[in-house]
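Naming convention: chains lettered A, B, ... in sequence-line order (proteins, then strands); numbering from 1 in each chain. Owing to the predicted nature of the structure, the values given are computational and were not obtained by experimental measurement.
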There are 2 protein chains.
Amino acid sequence: MATKARRTDALSRELIIEAAIQILDTDGEDALTLRALTIRLSTGYGALYHHVANKSDLLLAAADDVIARVMTDVAEDAEPRERLRAVALSLFDAINAHPWIGAQLSREPWQPALLEIYESIGEQLEALNVPEQAMFDSAGALVNYILGVAGQNAANARVRAHTEGDRTTSLAAIAAQWAQLDPGKYPRLHKTAAQLREHDDRRQFLAGIELFLAGIETVHRKAENH
Amino acid sequence: MATKARRTDALSRELIIEAAIQILDTDGEDALTLRALTIRLSTGYGALYHHVANKSDLLLAAADDVIARVMTDVAEDAEPRERLRAVALSLFDAINAHPWIGAQLSREPWQPALLEIYESIGEQLEALNVPEQAMFDSAGALVNYILGVAGQNAANARVRAHTEGDRTTSLAAIAAQWAQLDPGKYPRLHKTAAQLREHDDRRQFLAGIELFLAGIETVHRKAENH
DNA sequence: ACCTGAACACCGTTCAAGT
DNA sequence: ACCTGAACACCGTTCAAGT
């Protein structure tokens, strides 16, 4: 039945990373085990460890692989504000398509994928004339916001993988829970249940970016007038 | 040597959660294993599973325990803007003192601890007269920013636990790496190395909150004039 | 009801042995 | 140099058996 044929072509770090990304994308974070990789690549553990230091190294490389591709694909022509939105949305879409990245980005600080993100966000803010001394804080705030959304996204993908039903039904279930919360203890959540059910993640993400942009501009302008 | 005396008083869910928090705080996320808990509480696995559904349930409860305490301790008297800052800083300090919470908050969506956070942030924004229809997006953005910082914080704590040296030395090491980055590929990171070494996490966190507040006010005011 | 602790089904990682 | 796969040291969780 199952072919146990040994692979004929040589294994490589790139092949391993590619296979890892495919497992992560199709079957989720939990499905990526070293054993799953040996099966998919028709090889042994030692072969994997010959090309990759350990599982953490592999995840670092997989995340950077995806993020680096996204960050270089940014439209060059648009107006600065529009370009920042485009970069943010590209990141959001990539994280949406590969939710495991959301968890990975907060696993290891200053990993390659994060450096790519910081550099690109910094570039866009520079084009927006954010002054030098405000740069560090502005970029940090923006990236942390994106990482926060990314993390929540990964968490949502995780539960959706473990339960049946699509986004709409699982959102409806949460909204129903909110509606049943004690209005005395959680008046605002209780009231917001309907909005939660109907909200659009992508739209909401962009609304947050707009708040940031407005804040950055305001603080920047104030600094100019003083 | 090691006393193997069986515990005399009854075990309880509260005792288990308390012990878990202590292990997490003193020895880090990785140190919390079911086995470590049986040793600390002088009990067996079955006893733990009698009071707690599983490890995930335990972590949910531990995080909510800490967050709920923080969220109820908020100063009542201050001016709305000041109170929002106070809530944000309380959260930051709690996450700093218990960095494992940062990881936990993005493990399970809509967990109790997150509900507490959303409700409290919503309350502060309401006091700031954020209009109803802007509430959902504003609170979402703010909370996601906080969660992003929390996650990075947890990641930093994790590496600091696995390597020797305090915050200053590990920051210096990262800064040195940034300084060595190819200025052609990472011009902004390369330039920012010195700032990274000297930055204050808490101050930077608050700067991000200020950007948000400025953005929320600006967008709000614009909506009024239309 | 509450608890004990051996056993089970998994992990990531190592390493002697092969080509 | 590159690879195989048994073995090791761990996990979280279960469950028959005890009080």
State whether [X] places a side-chain N or O below 4.0 Å from either non-bridging phosphate oxygen (OP1 or OP2) of [N].
{"X": "A:Thr43", "N": "D:dT4", "result": "yes"}
{"X": "B:His51", "N": "C:dC3", "result": "yes"}
{"X": "A:Tyr45", "N": "D:dG5", "result": "no"}

Determine the Euclidean distance between corresponding P atoms of D:dA17 and C:dC2; express it in Å to zero decimal places.
22 Å
Can you tell me how far [atom2] of [N] sits from [atom1] of [X], to the nearest Å?
{"X": "A:Asp30", "N": "D:dT13", "atom1": "CG", "atom2": "P", "answer": "12 Å"}
{"X": "B:Ile39", "N": "C:dT4", "atom1": "CD1", "atom2": "P", "answer": "13 Å"}
{"X": "B:Leu37", "N": "C:dC3", "atom1": "CG", "atom2": "P", "answer": "14 Å"}
{"X": "A:Arg13", "N": "D:dC2", "atom1": "CZ", "atom2": "P", "answer": "14 Å"}
{"X": "A:Leu41", "N": "D:dC2", "atom1": "CG", "atom2": "C1'", "answer": "15 Å"}
{"X": "B:Leu15", "N": "C:dC3", "atom1": "CG", "atom2": "C1'", "answer": "15 Å"}
{"X": "B:Asn54", "N": "D:dG12", "atom1": "CG", "atom2": "P", "answer": "11 Å"}
{"X": "A:Leu11", "N": "D:dG5", "atom1": "CG", "atom2": "P", "answer": "14 Å"}

Watson-Crick or G-U wobble partner of C:dC15, both distances under 3.5 Å
D:dG5
Would you say A:Ser120's side chain and A:Ile117's backbone share a donor-acceptor pair under 3.5 angstrom?
no
Exam field: side chain A:Asp25 to backbone A:Gly28, donor-acceptor pair closer than 3.5 Å:
no
Base, sugar-phosphate, or nothing: which does A:Leu32 touch, judged by heavy atoms less than 4.0 Å apart?
sugar-phosphate
Consider the side chain of [X], meaning its heavy atoms from C-beta on, and name the nucleotide among [options] that approaches it most closely.
{"X": "A:Thr33", "options": "C:dT4, D:dC11, C:dC11", "value": "C:dC11"}
{"X": "A:Tyr49", "options": "D:dC2, C:dC3, C:dG12", "value": "C:dG12"}
{"X": "A:Leu34", "options": "D:dC3, D:dT14, C:dT13", "value": "C:dT13"}
{"X": "A:Ala47", "options": "C:dC3, D:dG12, D:dC3", "value": "D:dC3"}

Just to verify, which of B:Leu196, B:Val159, B:Asn156 counts as forming a side chain to side chain contact (heavy atoms under 4.5 Å, CB included) with B:Ile174?
B:Leu196
Do the ring centers of A:Phe205 and A:Tyr145 come within less than 6.0 Å of each other?
yes
Mind telling me whether A:Trp110 and B:Trp178 have parallel, tilted or perpendicular rings, with 30° and 60° as the class edges?
perpendicular
